[in-house]
Protein chains: 2
Amino acid sequence: MTKLRTAPRIRTKKPVPVDKADLPLRQILDGDCIAAMRSLPDASIDLVFADPPYNLQLGGDLNRPDGSHVDAVTDEWDRFDSFGSYDAFTRAWLAECQRVLKPDGALWVIGSYHNIYRVGAILQDLGFWILNDIVWRKTNPMPNFRGTRFTNAHETLIWASQGEKSRYHFNYRAMKTLNDEIQMRSDWTFPICSGGERLKDDAGHKAHPTQKPEALLYRVLLATTEKGDIVLDPFFGTGTTGAIAKRLGREWIGCEREADYRKVATARIEKELPLDESALTTMQSRKTQPRVAFGAVVEAGLLKPGMEIFDKKRRWKATVRADGSVECGALSGSIHQVGKTLQDAPSCNGWTFWHYESGGEVKPIDAARGLYLLASED
Amino acid sequence: MTKLRTAPRIRTKKPVPVDKADLPLRQILDGDCIAAMRSLPDASIDLVFADPPYNLQLGGDLNRPDGSHVDAVTDEWDRFDSFGSYDAFTRAWLAECQRVLKPDGALWVIGSYHNIYRVGAILQDLGFWILNDIVWRKTNPMPNFRGTRFTNAHETLIWASQGEKSRYHFNYRAMKTLNDEIQMRSDWTFPICSGGERLKDDAGHKAHPTQKPEALLYRVLLATTEKGDIVLDPFFGTGTTGAIAKRLGREWIGCEREADYRKVATARIEKELPLDESALTTMQSRKTQPRVAFGAVVEAGLLKPGMEIFDKKRRWKATVRADGSVECGALSGSIHQVGKTLQDAPSCNGWTFWHYESGGEVKPIDAARGLYLLASED
DNA sequence: GTTAAAACTGAATCAACAC
DNA sequence: TGTGTTGATTCAGTTTTAA
């Protein structure tokens, strides 16, 4: 492995700010991502999220014990001649990301053991500085049908800044709020993308073999971007990054060489609705720190940011925000704090105080917590 | 318990078996691990467990919010001045492991995001074949005191064989038993090593900065070695690998250049008691049990020639013939072949597919195989 | 229409032996 | 070294079909 440290860690002069009007915002660039990124100016992107080919190197067919056939990832885009050619490809697209990222921008890459060690070593060689590696634990991974290894139940994400001295962005407080006032850890638990969220083509087949769950992108973007930031996804696929960026009020640019994927992604993002301004305001200061497990319920989509919650007698109503805090007029904070202040009570259990409407019924938000617990039991 | 495996495909000639008496079993070799491993013969080791320096590159001291000092890893042995020198070191010790490992041997390495990407890429470059990466989730990680990143709550282990075609050893059944009859996943949850397990020096300070929990080694050795196997740990430290190897009835060899660590490890392993023979017996998979021909079960009279067998739903029926073949209309052949053809399936396990009636009960013919095995035990 | 059972599915480097 | 035979092996879901 050769050392190719290029980018300087410390900038000597302030960069010329890029005019957003000069960027292809909310567009999917056609073609190879390396060529497509060349059309972007230097230092114009706040965050890159990349889900590159994993170079799986699969052998023959695989059947389940019941005899059914496993639909493997055998697409042409995942075939490489050797580690050498995979490395060259990886170095090329990562170097281009490095160029288009702002000095204080950051990069996320997701992969599996097949490719992530190559990606991690190369991005270190290029001068990226790893901030964390994150483990996505799958609640429902595919088993190892032959009983030959441990169930491959996770994928790995690397979060890296432009360099050791880079002033990357991290919404520490929003993450802590989302995680019931405990620091967000480096292991995240989500189900794989399936059910209604999984996009299908006209024939009912999955539109893309490796579509990522929205909850994963939701947490990534909420943690490491601000409203209005520009997010680039060089391997756009069906556009999960674009959809969540739009939902969270971030700008996005995609690169995708397959016309079918571009078509699906365009339609998907078109349908996506941005959240309300108030729902997007995340907790910024320690003074207003909420005390909630509520954030995880919001993240899981059981309660939507922007939706209205109210007490049983509808004396007060509040709005749910993206990080699990709630807002009621000038008041904001956790479900418990806001309920307590409104009632001028010594304490308040927000779970039973607040209600929401679902299918014509009024339920305490505790019902949504129940659903969440059911869905996320270990 | 003898191993039933034969010579691997990658081997062109049968290697001369190494006499265990020629190996420094139950010894800690003094000095640099690369030099120490050079004294070991080729193809003599069943498993390597390596916990190499992490190349942490910590800048300056770290204090907790209350001002107390964090005793970080700042030892001289963990200092490398560049990725290049760390890579060269890594390549050297991994290559030596490759040489001393048997063709069907395997390697474990543990690391964090600081070093694991370099280790993973280099071991792939050397020809090791990654079988799984395993995430050790810490129940009690050190928090991120500055609130600048996600809590670094895990470490990563890579499990790799000598090559793609290598017949590595995996105690699938034992792992499934250990995990309440569900396949063991690639994410393992353990507390960090603390309390009584954490070794202290005479002054009461921790004897080693990165002592690993015994539960981690217990699972590694139980999963990928057999009783009597030889385990090498090139970075022995306080000897967790040796202690657990002794406990589980495995042989061990360590390398350690710090005299203080050797001393602590020696005393520790001395105190360790091996488990009883009976406690060491693990669940065996079908694969490792002797193979039984259907004809032998017929021959033994457990199933009679001429009797009828059928699938569970009685969609098909067949007749048992004296030579252990079965007949279904114009079709005839082995229990597996006929079942496969009838179902038009990619394969069929005749033992579980076919059933018979005995004493008013319907049982799979596998039950008759079980009786045969019982009857033929000494 | 309601409920239970069966079928289907997911980034997977997924067998070993005899001839 | 290749080819054919034996036979070992699955978890958490969602969707479809049957009762």
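The sequence lines fix the lettering, A, B, ..., with proteins before strands; numbering per chain opens at 1.
- For the C1' atom pair drawn from dC14(C) and dG10(C), the interatomic distance equals 15 Å after rounding to whole Å.
- Contacts of Trp77(A) with the nucleic acid, taken as non-hydrogen atoms under 4.0 Å apart, include base atoms.
- Defined by atom type and a distance below 3.5 Å, a donor-acceptor pair is present between the side-chain atoms of Asp133(B) and Tyr117(A).
- Contact annotation for Asp51(A): base contact, defined as any heavy-atom pair under 4.0 Å involving a base atom.
- Nucleotide dC14(C) is matched to nothing when pairs are restricted to Watson-Crick or G-U wobble geometry with both distances under 3.5 angstrom.
- Donor-acceptor pairing under 3.5 Å is recorded for the side chains of Ser325(B) and Arg321(B).
- Taking atom C1' on both nucleotides, dG1(C) is separated from dA19(D) by 13 Å, rounded to a whole Å.
- Across dT10(D), dA11(C), dC14(C), the shortest atom-to-atom separation from the side chain of Thr210(A) is found for dA11(C).
- Contacts of Asn144(A) with the nucleic acid, taken as non-hydrogen atoms under 4.0 Å apart, include base atoms.
- The partner of dT10(D), taking Watson-Crick or G-U wobble pairs whose two distances both stay under 3.5 Å, does not exist in any strand shown.
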inquiry  = Between Thr151(A) and Gln183(B), is the side-chain hydrogen bond (donor to acceptor under 3.5 Å, both in side chains) condition met? List the steps.
reply    = CA-CA 7 Å; Thr151(A) 305; Gln183(B) 285 190 343; 2.7 Å; yes

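- Counting non-hydrogen atoms under 4.0 angstrom, Pro213(A) reaches nothing in the nucleic acid.
- Side-chain N/O atoms of Lys138(A) and base N/O atoms of dA11(C) include no donor-acceptor pair closer than 3.5 Å.
- Heavy-atom distances under 4.0 Å link DNA chain C to no residue of residues 337-351 of chain B.
- Counting only N and O atoms by type, the side chains of His169(B) and Asp46(B) include no donor and acceptor under 3.5 Å apart.
- In this structure, Glu181(B) and Arg369(B) both approach DNA chain D, and ranking their closest nucleotides by distance from the 5' end singles out Arg369(B).
- Tyr113(B) and Glu155(B) form no side-chain donor-acceptor contact under 3.5 Å, judged by distance and modelled atom types alone.
- Taking side-chain N and O atoms only, Arg146(A) has a distance below 4.0 Å to OP1 or OP2 of dA15(C).
- Going from atom NE2 of His114(A) over to atom P of dC14(C) covers 8 Å, rounded to whole Å.
- At dT6(D), none of the side-chain N or O atoms of His336(B) fall inside 4.0 Å of OP1 or OP2 (strictly under the cut-off).
- One side chain, Thr224(B) or Trp108(B), offers a donor N or O that lies under 3.5 Å from an acceptor on the other.
- Using a cut-off of 4.0 Å between Lys/Arg side-chain N and Asp/Glu carboxylate O, Arg167(B) and Asp104(B) are scored as not salt-bridged.
- No engagement by Asn63(A) is indicated, since no non-hydrogen atom pair under 4.0 Å with the nucleic acid exists.
- Contact annotation for Ser112(A): no contact, since no heavy-atom pair falls under 4.0 Å across all strands.
- To the nearest angstrom, P of dG7(D) lies 19 Å from OH of Tyr172(B).
- Following rounding to the nearest Å, Asn152(A) (CG) and dT10(D) (C1') show an atom-to-atom distance of 15 Å.
- Separating the C1' atom of dC8(C) from that of dT10(D) is a span of 13 Å, rounded to the nearest Å.
- Taking atom CG on Asn132(B) and atom P on dA11(C), their separation rounds to 17 Å, with Å as the unit.
- Atom CZ of Arg185(B) is separated from atom P of dC14(C) by 20 Å (rounded to the nearest Å).
- The distance between atom CZ of Phe294(B) and atom P of dT5(D), rounded to the nearest whole Å, is 18 Å.
- Ion pairing between Lys138(A) and Asp187(B) fails under the 4.0 Å rule for side-chain N and carboxylate O.
- For Asn55(A) and Arg291(B), each mapped to the nucleotide of DNA chain C holding its nearest heavy atom, the one lying further toward the 5' end belongs to Asn55(A).
- The phosphate of dA15(C) (OP1 or OP2) has no side-chain N or O of Arg149(A) nearer than 4.0 angstrom.
- Within 4.0 Å (heavy atoms only), Ser334(B) reaches sugar-phosphate atoms of the nucleic acid but no base atom.
- Here the nucleotide nearest the side chain of Lys176(B), chosen from dT10(D), dC14(C), dA11(C), is dT10(D).
- For the residue pair Ser112(A) and His114(A), a side-chain donor N or O sits within less than 3.5 Å of a side-chain acceptor on the partner.
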N/O contacts under 3.5 Å, protein versus nucleotides 5-10 of chain C?
| from | atom 1 | to | atom 2 | distance (Å) |
| --- | --- | --- | --- | --- |
| dG10(C) | OP1 | Lys206(A) | NZ | 3.2 |
| dG10(C) | OP2 | Lys206(A) | NZ | 2.9 |
| dG10(C) | O5' | Lys206(A) | NZ | 3.1 |
| dG10(C) | N7 | Arg64(A) | NH2 | 2.6 |
| dG10(C) | O6 | Arg64(A) | NE | 3.0 |
| dG10(C) | N2 | Pro141(A) | O | 3.3 |

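- Across the strands present, dT17(D) finds its partner in dA4(C); the criterion is a Watson-Crick or G-U wobble pair with both atom distances under 3.5 angstrom.
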request  = Just do the side chain to side chain contact (heavy atoms under 4.5 Å, CB included) check on Val320(B) and Ile309(B) with the steps written out, would you?
outcome  = CA-CA 7 Å; Val320(B) 174; Ile309(B) 58 175; 3.8 Å; yes

task = Kindly determine whether Asp125(B) and Arg91(B) satisfy salt bridge (charged side-chain N to carboxylate O under 4.0 Å, His left out), including the steps that lead there.
result = CA-CA 9 Å; Asp125(B) 288 340; Arg91(B) 202 173 289 109; 5.7 Å; no

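- Only the C1' atoms considered, dT15(D) is 22 Å distant from dA11(C), to the nearest whole Å.
- Salt bridge Arg173(B)/Glu181(B): present, at least one basic N to carboxylate O contact under 4.0 Å.
- Among the protein residues, Ile182(B) comes within range of the sugar-phosphate backbone only, with heavy atoms under 4.0 Å from sugar or phosphate atoms but none that close to a base.
- Leu216(A) has its CG atom 13 Å from the C1' atom of dA11(C), to the nearest Å.
- Straight-line distance from the CG atom of Asp366(B) to the P atom of dA8(D): 7 Å, rounded to whole Å.
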